[in-house]
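Each remark here refers to the structure printed beneath this line.
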Amino acid sequence: MAKAELAGAQERLSNLESDLDMERKIKGDVDKANGLLEKELRDKEDTIEALRKQCGDVKKLNLTMLGKVQESDRKLAENIESLKNSQAFSEMSSSELSVMQHRTKELDVENSDLKKELDGVKKRLFDAENSLEQATMGCGVEKEWRENLQKQCTMHREEIAKLRAETTQVAEMKSALRQLKRENDDLKRSCSEQERALVELGDHLSRSKVKAEELKHTVEVAKDNKWMADNEAVNCQQCKKNFSVARRRHHCRNCGGIFCHQCSDNTMPLPSSSRPLRVCDGCSESLLTRSLKE
């Protein structure tokens, strides 16, 4: 259960970290776009300022050229009027008249050039005003776009704050799960140790039971068997040979009977003693058989 919760928390943490990285990347892109937009806005504002200055210069030039044209028209009109009103007009020589006509043509050409230049100035002024209007409209659109980007940045910051809070919460859950895992491991170790202790206790109980069975059997054998006195036996209970100085009597420590050396030349561990004792051949076989069965 703790492993499943830890895996789920780690997966949520990984997803949150991925979302946080994506939000950081989006924020970086938005900040970069804001920087480029601000630079572009500054450039357009500078362009608008230059266009306004150019419009002012063109207007001044337009006024200057208009003044020149008006002055030229006024001089031309004055010259014509003076020629018409001059009493000496009829008396002027052909050479002077030719000079006056040539001067009049020059004034006409100059007037025409000034009008053309004035038209060009008016056209430049019109183009500058159109450019200024378009730049102003573009600046308004970009300002609106910038406001939208700022709103998006605010929303992204709020989302990043939420993701950071969730990341902190997941980190706390991860720490708690690690603590639970350590406690679980401690409990497993404790259970393992208790199981080993139970196994050892079972083995000990089994050995105690075997010893109890041996003691019980010994007690039962002791009840059934009687320790025979030396003067009660004249011959070996197994081989039936008479005892003598060369063939001495030996007691079996299990059944209490008296046997010769050859029929009791065995030693077996008995519950009544901590060291092996002499037993007869019959008891030796029965004890070995019981030991093998156990």
Closest heavy-atom pair and its distance - Gly282, Gln238: N-OE1, 4.4 Å
How far does CG of Asp186 sit from CD of Glu183, to the nearest 0.5 angstrom? 7.5 Å
Rounded distance (nearest 0.5 Å) linking atom OG1 of Thr154 with atom CD of Gln150: 7.5 Å
Please indicate whether Gln169 has more than 12 foreign heavy atoms, meaning atoms of other residues, nucleotides or ligands, lying under 6.0 Å from its CD. no
Can you give me the closest heavy-atom contact between Cys260 and Cys236, atom names plus distance? N-SG, 3.4 Å
To the nearest 0.5 Å, how far apart are OG in Ser190 and CG in Asp185? 12.5 Å
Are Ser175 and Glu172 packed together at the side-chain level, in the sense that at least one heavy-atom pair is separated by less than 4.5 angstrom? no
How far apart are the closest heavy atoms of Gln237 and Lys240, and which atoms are they? O-NZ, 3.4 Å
Heavy-atom donor-acceptor pair, His261 side chain to Arg248 backbone, under 3.5 Å: no
Transitive ILVMFWY side-chain link Phe259 to Trp227, under 4.5 Å: no
Looking at CE of Met173 and CZ of Arg178, how far apart are the two atoms once the value is rounded to the nearest 0.5 Å? 12.5 Å
If the test is side chain to side chain contact (heavy atoms under 4.5 Å, CB included), which one of Ser264, Ser284, Cys255 qualifies with Val279? Ser284
CD on Glu195 to CD on Glu200, rounded to 0.5 Å: 12.0 Å
Neighbour count above 12 (heavy atom, 6.0 Å) for Arg275 CZ: no
Are Lys241 and Arg247 close enough that some pair of their side-chain heavy atoms sits under 4.5 Å apart? yes
Any sub-3.5 Å donor-acceptor pair from Thr167's side-chain atoms to Leu163's backbone N or O? yes
Are there over 12 heavy-atom neighbours, none belonging to Gln262, within less than 6.0 Å of that residue's CD? no
Could you tell me the separation between the NZ atom of Lys162 and the CZ atom of Arg157, rounded to the nearest 0.5 Å? 15.5 Å
Could you check if a side-chain atom of Met268 sits within less than 4.5 angstrom of a side-chain atom of Arg253, using non-hydrogen atoms only? no
Are any non-hydrogen side-chain atoms of Arg278 and His251 less than 4.5 angstrom apart? no
Examine distances only and state if a side-chain atom of Arg249 and a backbone atom of Ile258 form a donor-acceptor pair shorter than 3.5 Å. no
Step by step, work out the side chain to side chain contact (heavy atoms under 4.5 Å, CB included) result for Leu270 and Leu287. CA-CA 9 Å; Leu270 297 176; Leu287 290 173; 3.8 Å; yes
